[in-house]
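What follows is one structure encoded as structure tokens, with my remarks underneath.
First the proteins, then the strands, lettered A, B, ... as listed; each starts at 1. Everything numeric here is computed off the predicted structure, so don't read it as measured data.
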Amino acid sequence: MGIKPRDIIVFLFIWIGLFFTGAYLYFNYNFYAQEGIFLMEKAQLAMRGNPPRLENLGLIYPPLPYLFYLPLAVSSSPIASLIISTFWGALVIALCIRYLRWIPGNTLVKLLITSLMIVNPVFLYVIFAQPSQTLYVLFFVVFVYSFFRFHETRIPYYIVLSGVALGAMSGIRYDTFFLTLALIPFAPFLISETIEFNVVRIFALTLMLVLPTFIVLGSWVYLNWIFAGEPFYFYFSPYSYFKQVSKEMALRPELAQGKGNLMWAIWIVLKMSFLTYPAYYFTLPTIRTITIFVAAFAPIILQIIVIFLGISALSYSWFGVLIPLSIIIMYYFINSPLYRPVYAYVVIVIMAISVYFGYQSLANSVELTEKNFATVLKGEKVKDIFEEELQVAKFLKENTTEKDMILIDDAVGYPIVCFFSSPKQFYLPYQYDYVRVLQQPQFAATYIVVPRPELTVTGFDQLTAMYPDAFEKGFDFTTLVYQTPNWRVYKSQTQQQQIPIEEQ
Amino acid sequence: MLVPDELSSSGSGSSLDKKALQNLLIKERIFSQEQIEKIEAFAEREKLYFPKALLFYGYISRTDYEVIIRKAVPVGKVDLLIQEIDYELLMSFDQTYLQDKLVCPFKRNGDYLYVAMINPLDEEVINYIYERSQSPLKIFYATDVDIQWVLHKAFGQELAESAVYSLFIEDERSSAIETFTLPQIISIALLGTLFIVGVAINASVAFTILMAIVNLLYLFSIGFKFVLTLAGARFELYEAVTQAEIRELHDEDLPVYSILLPVYKEPEVIETLIYALSQIDYPRDKLDIKILLEEDDFATINKIRNLNIPSIFECIVVPNMQPKTKPKACNYGLVFCRGEVVTIYDAEDIPEPDQLKKAIVGFKKFPEDVICIQAQLNYFNANENFLTKMFTLEYSYWFDYMLPGMDRLNVPIPLGGTSNHFIKEKLVELNAWDPFNVTEDADLGVRAYAKGYKVGTINSTTYEEANKRVRSWIRQRSRWVKGYMQTFLVHMRNPIELYKKIGFRGMFAFFLFIGGTPATFLINLPLWILFITWIIFRPQWISEIFPAWVLYISLFNLLIGNAMVVYMNMLAVFRRRLYGLVVYALLNPLYWILHSLGAYKALWQLIFKPFYWEKTTHGVTKVKKPEILRTV
């Protein structure tokens with residue numbers, strides 16, 4: 001089935017609808033994607049940094065989401081990020097609608113299922129607040145669906161799609177690598193369930209499935225090597241995603257207990273996923289083949305693995321991936337021998353109940369943005385998450401000239417850099433001589449922006465690490481010119497000589 | 001014995017009659033009365049001379065026929081290939097009659113006229129010659145091949161010229177007779193000068209621009225191939241023609257099918273060829289198979305002369321004329337084709353038996369603008385060595401995934417060298433093949449598309465012999481790449497006109513495949529050398545010609561691009577269940593080195609020997625016929 005004009009119309013309709021909804025939430029309730037600001041800041045550095053180069057994206061973070069954000073380097077508005085995230089979200093919904101079209105059954109049932117998916121708070125949260133997670137969901141859906149289709153049709157094309165999707169996922173989240181590793185021993189058995197037993201054929205298919213992950217990550221290791229001099233810089237860097245996530249996990253006892261403890265890891269994942277979207281579990285048992293069951297259960301398996309390894313700061317919103325997956329599972333549910341028409345309505349009721357569960361899981365979350373979204377759904381305004389950073393950026397914009405250089409660490413200061421929207425005026429960690437500037441800021445920086453140390457607990461901030469008292473006491477050569485509860489701006493009183501940026 | 005006494009005749013031939021041969025065959029219990037009548041009816045229906053029906057439709061082998069004839073009539077046999085021929089004498093006779101009856105008055109000796117005949121028992125022919133010459137005759141037996149050889153040599157010059165120049169005469173701009181036109185030479189010179197001036201002014205910028213163009217070419221090429229592969233792979237199980245549709249065909253409704261078999265210096269594959277032809281599932285009386293022999297190919301001619309197995313073909317001898325190419329031979333042979341549908345096979349080809357019927361079904365069910373159907377090509381000696389494995393992977397990928405993908409996305413399909421099935425009328429309309437183009441198939445595909453015609457694909461395979469020797473492979477590849485270069489140059493003589501004819505999609509595909517393929521082969525080696533130099537020495541000047549955005553595209557091409565191409569190549573193993581080859585796909589970068597070597601040879605030949613046809617040696621494989629049959 002090729003793409004038909006009506007598919008494109010449906011997609012555009014959904015995209016526009018999501019975009020305006022997100023814009024409405026932003027303008028009226030101050031809600032927008034924190035991650036979107038992060039991605040846009042990196043895009044600005046890549047395209048307009050000093051110097052502009054792609055490794056400014058940070059060789060630490062998986063690259064794929066950032067590449068889509070490069071065109072947004074000209075903007076600093078959260079609305080711009082919404083364009084991309086709602087695009088991906090609309091793609092997920094449009095895909096699911098296409099799948100639903102193939103399911104026999106009446107239109108009302110399909111309409112209800114689609115509506116309940118779209119209004120699910122967790123799903124909406126992912127689209128509006130987590131652009132990279134939305135992209136991840138998109139590829140996860142493609143991965144699972146393609147695996148299902150291979151099971152039905154035995155056409156290797158679907159294994160290729162599945163493999164490519166898995167490779168793309170590893171370009172979005174590193175933990176996908178562990179899913180691939182887990183698949184390697186099991187994939188041959190899963191594949192052989194579908195086709196006649198032929199060792200070489202099964203080997204070939206397994207290779208097609210797992211190779212893209214190794215290609216993507218292998219390329220990433222190579223890029224780390226040539227740009228950072230260390231092939232595993234993304235792991236060893238002080239800004240490493242793994243270090244950050246480990247710190248976040250350590251702050252959450254419930255998750256931390258799962259490290260090295262498989263039973264606990266299983267328990268916590270099942271609990272959180274059930275509390276987020278119970279409808280998923282009502283469709284799983286209807287699957288009668290191991291292959292499809294394993295593919296459908298892959299998100300749960302993945303989270304169990306990463307919690308066991310201690311590299312997951314799992315939040316409820318992660319399970320947003322289960323919502324579109326349920327749509328795909330519905331197809332098999334309806335074609336299962338267990339299916340009775342009334343079951344579809346049972347699942348619809350459970351999906352409706354899941355809307356409430358989803359809302360509750362967000363409202364009770366430890367993540368501020370998740371809580372904020374639940375608050376917004378109640379019709380209440382929330383405080384702009386980057387209100388202070390916006391004020392700092394505004395101050396800097398009004399009080400600096402193009403020749404003034406600003407020293408900051410964008411590990412936590414990225415919103416300021418993004419909202420300021422002129423990355424060439426900043427000394428940032430991506431620059432090779434950042435450490436030199438840090439050591440002698442009086443000769444380089446006109447302004448120094450310092451965060452409250454508590455903000456840097458789960459991350460790494462070189463500025464704070466080198467000058468732990470800077471927030472309270474400032475520097476010998478500076479005066480305090482602006483402050484908010486969490487940020488202080490100091491201005492240097494000495495003559496600055498801009499330290500030339502050296503290229504490696 | 002050159003001058004027999006027994007049949008020194010004054011022309012009356014009283015012991016002979018019109019049906020003497022038929023009676024002889026019955027008398028010798030070679031055929032029954034009923035069989036003879038059936039063959040006669042067929043010959044009459046197809047307006048064929050009876051001996052031609054016998055020999056060209058596999059009723060009897062050439063050697064058996066000779067034995068029977070010479071046993072019944074004690075004539076001598078003449079080897080016309082070494083005989084002195086009086087062409088002036090020969091050309092005084094009616095060419096059509098001589099061709100029809102396979103008779104060749106070849107010289108005078110004293111009062112006698114020496115006549116070579118395929119059927120010395122035919123009184124009517126003897127009388128005809130006598131009446132025309134008014135000379136006593138000395139009759140000899142000669143093989144059909146010999147007689148054809150002389151007749152084509154004598155009468156075929158005009159046809160040969162037409163075969164060579166008709167495209168040039170009808171559509172000069174589409175002929176590769178001229179490799180570079182003056183505007184093209186000027187353009188190349190201008191670009192070259194511009195680049196040199198740019199280097200002189202600012203070498204860094206000049207090379208940066210060059211790198212940018214090169215990398216963008218790779219990027220688009222890889223992306224396009226990926227899309228095509230997915231489009232083709234999605235319908236892997238789709239059968240364009242099903243067995244049920246073939247079963248619905250009735251023999252009596254099938255058209256006459258012409259098969260052209262150009263061969264040159266390939267005596268060792270003739271038997272395989274004959275066997276493959278005998279397996280074709282098509283009514284024998286509706287086949288019109290022409291083996292196209294070159295005038296100077298005595299080895300193959302001798303092989304055919306001495307065939308002791310019945311064979312279904314007629315020999316057409318192509319007069320010696322430059323360029324000596326396969327398309328010229330095919331153009332020449334096309335004139336003699338009786339069929340409504342024409343196809344080409346190479347000498348070593350083994351098509352699947354139902355291929356012709358699948359093509360017929362294809363023409364019935366595909367839209368009317370489909371005038372050509374391309375079958376898939378693959379190799380029967382896939383596992384012979386590393387080279388054959390890689391070659392098989394390449395072909396499988398191209399024919400099983402790329403071509404169906406092109407078909408689905410409606411882009412011009414570069415035809416394969418064989419197994420293209422044409423509606424003859426349309427082929428003639430297109431002025432058939434360009435004899436000056438060494439990949440006449442690719443060129444014809446573009447010309448067909450430019451005229452609004454389409455090429456369809458069917459699920460049928462012709463098995464060939466993959467080159468197992470590196471030097472031979474490189475020679476073959478150099479010809480293909482040279483042909484692509486020729487095709488690109490020919491059709492880019494007026495790019496605007498081409499765009500108007502084939503549209504954006506067609507132009508895009510044309511650029512990427514016909515132009516991009518040789519370009520990427522040529523660029524590959526220098527880029528790999530550049531990369532290795534940078535890895536080892538990290539010279540500053542390389543960094544300067546790769547500014548950030550160029551560097552990232554090139555890194556993408558290097559890492560993801562190459563990996564994607566290798567990955568897509570791995571997909572090639574599935575349709576034909578060649579699973580053992582999947583790991584070899586990972587060795588493609590080594591294989592690509594050979595492509596590059598072939599491309600450089602092609603470039604050199606394009607300039608200095610554009611029409612030279614690198615002959616591929618066949619019959620080298622150690623894979624035996626039973627193995628081939630099992631494969632088929």
Side-chain angles (χ1 to χ4, degrees), chain A residues 1-3 46-49 51-57 63-64 67 70 146 149-150 152-161 163-164 167-168 171 195-196 198-223 225-227 229 503-504, chain B residues 226-227 229-238 393 396 400-401 404-405 408-410 531 534-535 538 540 542-544 546-586:
Chain A
M1 278 178 61
I3 297 175
M47 303 303 283
R48 299 191 284 128
R53 52 188 183 202
L54 211 64
E55 62 260 42
N56 296 353
L57 291 177
L64 199 58
L67 297 177
L70 290 179
S146 302
R149 289 291 288 159
F150 171 74
E152 289 173 348
T153 64
R154 303 170 197 182
I155 301 177
Y157 162 81
Y158 290 106
I159 284 287
V160 167
L161 271 192
V164 169
I195 57 176
E196 72 273 11
N198 179 322
V199 172
V200 187
R201 184 179 181 193
I202 291 166
F203 169 74
L205 286 166
T206 306
L207 199 58
M208 297 299 284
L209 181 66
V210 304
L211 197 59
T213 299
F214 289 95
I215 289 171
V216 169
L217 290 177
S219 304
W220 191 233
V221 166
Y222 173 73
L223 289 175
W225 173 55
I226 62 167
F227 289 120
E503 294 212 36
Q504 193 170 19
Chain B
F226 184 66
V227 169
T229 306
L230 288 185
R234 197 161 161 221
F235 296 92
E236 186 179 302
L237 297 185
Y238 169 69
L393 269 174
S396 301
D400 296 345
Y401 293 93
R408 296 252 154 236
L409 296 182
N410 196 19
F531 173 62
W534 183 77
I535 288 281
R538 305 280 177 128
Q540 179 62 21
I542 290 182
S543 306
E544 283 171 16
F546 280 93
W549 68 278
V550 175
L551 177 65
Y552 302 134
I553 296 174
S554 65
L555 276 173
F556 178 85
N557 290 337
L558 173 70
L559 299 170
I560 304 297
N562 277 318
M564 267 170 68
V565 175
V566 168
Y567 185 67
M568 288 187 286
N569 208 232
M570 289 167 71
L571 187 59
V573 309
F574 289 100
R575 192 168 179 279
R576 293 182 187 275
R577 301 171 186 248
L578 305 168
Y579 308 122
L581 297 185
V582 72
V583 178
Y584 285 90
L586 299 171

Exercise for review: Evaluate the side-chain proximity of B:Met570 to A:Leu211: yes if any heavy-atom separation is below 4.5 Å, no if none is.
Suggested key: yes
Exercise for review: Would you mind checking which part of B:Val583 comes under 4.5 Å of any heavy atom in chain A, side chain (CB onward), backbone (N, CA, C, O), both or neither?
Suggested key: side chain
Practice item. Name the region of B:Arg538, side chain, backbone, both or neither, that has any atom closer than 4.5 Å to a heavy atom of chain A. Key: side chain
Practice item. Give the C-alpha distance, both sets of side-chain angles, the deciding distance and a yes or no for side-chain contact (heavy atoms from CB on, under 4.5 Å) between A:Leu223 and B:Leu559. Key: CA-CA 9 Å; A:Leu223 289 175; B:Leu559 299 170; 4.0 Å; yes
Practice item. Go through the steps for B:Phe574 and A:Leu205 under the test side-chain contact (heavy atoms from CB on, under 4.5 Å), then give the verdict. Key: CA-CA 9 Å; B:Phe574 289 100; A:Leu205 286 166; 3.3 Å; yes
**Study point:** Heavy-atom proximity to chain A below 4.5 Å, by part of B:Leu558
**Key:** side chain
Point to revise | Stepwise side-chain contact (heavy atoms from CB on, under 4.5 Å) test for B:Thr229 and A:Val160 | key: CA-CA 11 Å; B:Thr229 306; A:Val160 167; over 6 Å; no
Exercise for review: Check whether A:Trp225 gets within reach of chain B through its side chain, its backbone, both or neither, counting any heavy atom under 4.5 Å.
Suggested key: side chain
Point to revise | Residue part contacting chain A, namely of B:Leu551, when any heavy atom lies under 4.5 Å | key: side chain
Practice item. Determine the minimum heavy-atom distance between B:Gly580 and A:Val200, stating which atoms define it. Key: N-CG1, 3.5 Å
**Study point:** Nearest atoms (heavy-atom pairs only) where B:Arg234 meets A:Tyr158
**Key:** NE-OH, 4.4 Å
Check your understanding: Side chain, backbone, both or neither: which part of B:Arg575 has a heavy atom under 4.5 Å from chain A?
Key -> neither
Study note, to complete from the structure: Whatever's closer than 4.5 Å to a heavy atom in chain B on A:Ile202 counts as neither
**Study point:** Donor-acceptor contact present, side-chain B:Tyr567 to main-chain A:Met208, <3.5 Å
**Key:** yes
**Study point:** Contacting moiety of B:Leu571, where chain A heavy atoms sit under 4.5 Å
**Key:** both
Review point. Hey, does A:Leu67 have a side-chain heavy atom less than 4.5 Å from the side chain of B:Phe556?
Key: no
